[in-house]
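Right, one structure below, let's go through it.
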Amino acid sequence: MIKITLPDGAVREYEQGVTAMDVAKSISEGLARKVLAANINGQTWDASRSINADASLQLLTWSDLQGKSTFWHSSAHLMAEAIESMFPGVKFWVGPPLETGFYYDVDLGDHQIVEDDLRKLEVKMAELAKKGENFIRKEISKNDAVKYFSEKGDEYKLDLLSNLQDGEITLYTQGGFTDLCRGPHIPNTGFVKGIKLTSIAGAYWKGDEKNKQLTRIYGVTFPSTKELDEYLILLEEAKKRDHRKLGKLQQFLQKAQMDSGYLPVITPHIGHKDLYVTSGHYEKYGKDSFQPIKTPQEGEEFFLKPMNCPHHCEIYKTSPRSYKDLPLRLAEFGTVYRYEQHGELHGLTRVRGFTQDDAHLFCMPNQVKDEFKKVIDLVLYVFGSLGFENYTAQISLRDKEDRSKYIGTDENWELAENAIIEAAAEKGLKTVVEYGEAAFYGPKLDFMVRDAIGRKWQLGTIQVDYNLPERFDLTYIGEDNAKHRPVMIHRAPFGSMERFIAVLIEHCAGKFPLWLAPTQVKILPISDKFMPYAESVLQQLKKADIRAEIDDRNEKIGKKIRDTELERTPLMVVLGEQETNNGTVAVRRQGKGDLGVKPMAEFIEMVNEEVTSKRTFE
Ligand SMILES: [Zn+2]
Ligand SMILES: [Zn+2]
C-alpha cells in the first residue's frame, strides 16, 4: 500500500500502481468526470499514470491553469490527428499550449492551407473527439523512437529526438496518431467538446528566418460548446469594440496625468538614425527594427521610432534647465514600432506598432522617491477605477556581489534603490525584491496584476535611468550655480494601451464598467409603433453625454433582451405603451435583470452618477 496526501492534508491509502483517476473515482464519480490531469509531488502527470510510491496529489480540472494547459496541449494532438488524416504525409514540429488555446507548427509540403480547411479540420476533430480515444503513454528507447520517425519520414521529430537521451523519451498515441511528447495529456479525447480553429500563420522553423517556413495553425477548445460560444462572442465583441474604447481609456489616463503635473507632448513617428545611435537603441535593436527610410537627396536614414525616450531627451535639451524647473514630466501616448516575426504576433498583446502610455520624468537625485510615490498613486488610482484589486510589484535592484556592470555612481544608486523601496513601502504596495534584476542603467519597479480568473499579467514599469542623461549630455543648473546631471525616470506603468485593453477585456470578460462601455444603454422598443418615442429617448440620452443605440430590428422583445445581454451592454431600457404615455423607461441591467420603471430624468441621473464615480459593478 502507498500513502497519498491530498491538498487538504488528508492521507489515504491505496494499492501501489493507483492512478490519479482511481483516486478521483474513490472520492466521487462526479469529480472523476472533471479530472484532466494531476499534480504529483509538484509535477503535472497524466491522470492515468500509475503512482508507485507515497506521493502528494492534487487533481487538476478545467478551473486550474495546469488543467487548462494540459487540455489545450492535448487538443493540439487531436488537431494533429485530424491534420494527418486529411493531409497524409504531413510532418510535425511542436504543438504547445498558449495562454488561451494552442497551436501546432506543421510542414504540409506543397499544400497551402486555407480558411475553408480549418472548418473541415474542426469537423474532423469533433468526429475524432467523439470517439473518446485514450491518450496512451509509452516509454521507448531512443533507437526505437528514431526508427519509428525515420520510417514515418518526419525529420522534425528526428531533430527533437537528437536532443533527448534514453530514459526520457515517451510516445503518446490517441487513435491512429502517435507523437513524440513528454506529456502530460488529458485522459481521453472525449473531454474536448467545443472546438474552434482560429487562424493560420507562417512560422520559421525554430524561429530562424533562414529556415523553412512552417504553417502554424492556432485553435482553442473547451470542455463544453457553451463555453466555446461565450468565448466566441467575447472575441467578436473585442474585435468590434477595442478601438472605440481606446478613446475613453486614453482620455481617462490623460486627465489623471494632467492632474499629476505632466506636460503632454507629441513627438514624430520617425527619427534620424543619429538620434538612436546617441541613445544606444541603434546598436541594440537596429537590426531587428523595420528597415530605415532613406531621404533621396542626402541619403540620410530615418527609423520608425522604437522608443519615445530619445525624443523626450531632445525636448529636455531645447532650453537650459534650472533646479527650479525640475521635476519636468513629459507624457506622450507615443506609438512605437518593433519588428516582430509574423508567428510571434498575438491579438492585441503582441503587435508591431503599439501605443505606450509613456512618460519621462527628469528630476534631481533627491526627488526620485517623491516621483515614485506620485507614479504609484497614479497607477493605484487607475487600477482602482478599472476594478483590478489583485496586483503586486517587483522591485529590481543591483546584483549584491558584482557591481562593476552598472553605470552611475554608487551614491546615486543607493539613493534610488532606497527611494523605490521606501516609496513602495509607504504606499503599502505588496512587493517582492529581486537582486540582480536591475538594468545596467538603473533600478526599477514593475507592476503585475491578476485578472478576475487569477491569471497574472505583466504590465509596465517605472525605471530609473542614469544612462540616457549621460548619453544626451542633459544638465541643469543647481542651487550652487554649477551644472548637474538630472536623473531620468521612464514610466509606462500600463505597458501599451493595446496590451492593457486586452488585459482589461479578459479581466472583465467583456463586461466593461459603465463609464468605459462603448454602448452604455441599449434602447429596446417593443415594436415599431414605439420608434418615435425610442428616438426621443435616444436624443435625451445623447444630450446628457450617454452613449446609446436603438435596437430597431423587427424582433420579439425577448430576443432583443437576450441579444443585448450577450453583447454585454450594461444597461437596457424597454419601451412599450405605458412608458411612451408616461415618459418613463423600464430599466434592465446586464446580468442582473429588471430594475423597475423610472422617469427619464431619474434614469439619466442614475447613469451619470455611476459614470462619474467610476463604480464597477459586478
Ligand atoms: Zn503532447
Ligand atoms: Zn523611456
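Hydrogens, waters and symmetry mates are skipped; everything else that's a heavy atom, side chains included, is used. Bear in mind the structure is a predicted one, so any value in this text is a computation, not a measurement. Whatever order the structure lists ligands and atoms in, that order sets their numbers, starting from 1.
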| said: To 10 degrees, how wide is the angle NE2 (His185) to the Zn ion (ligand 1) to NE2 (His73)? | reply: 100°

| Output field: ring centroids Phe447/Tyr391 closer than 6.0 Å | no

| query | What does the angle at the Zn ion (ligand 2) come to, between atom ND1 of His490 and atom NE2 of His360, rounded to 10°? | reply | 100°

| query | Glu498 side chain to Val351 main-chain N or O, any donor-acceptor pair under 3.5 Å? | reply | no

| said: Show the nearest heavy-atom pair for residues Leu326 and Gln367, with the distance to one decimal. | reply: O-NE2, 3.5 Å

| message | Could you go through Arg485 and Glu470, starting from their C-alpha distance and side-chain angles, then the distance that decides it, and tell me whether this counts as salt bridge (Lys or Arg N to Asp or Glu O under 4.0 Å)? | response | CA-CA 7 Å; Arg485 280 260 180 270; Glu470 205 63 51; 3.3 Å; yes

| query | With a cut-off of 2.8 Å, does His312 place any N/O/S atom under that distance from the Zn ion (ligand 2)? | reply | no

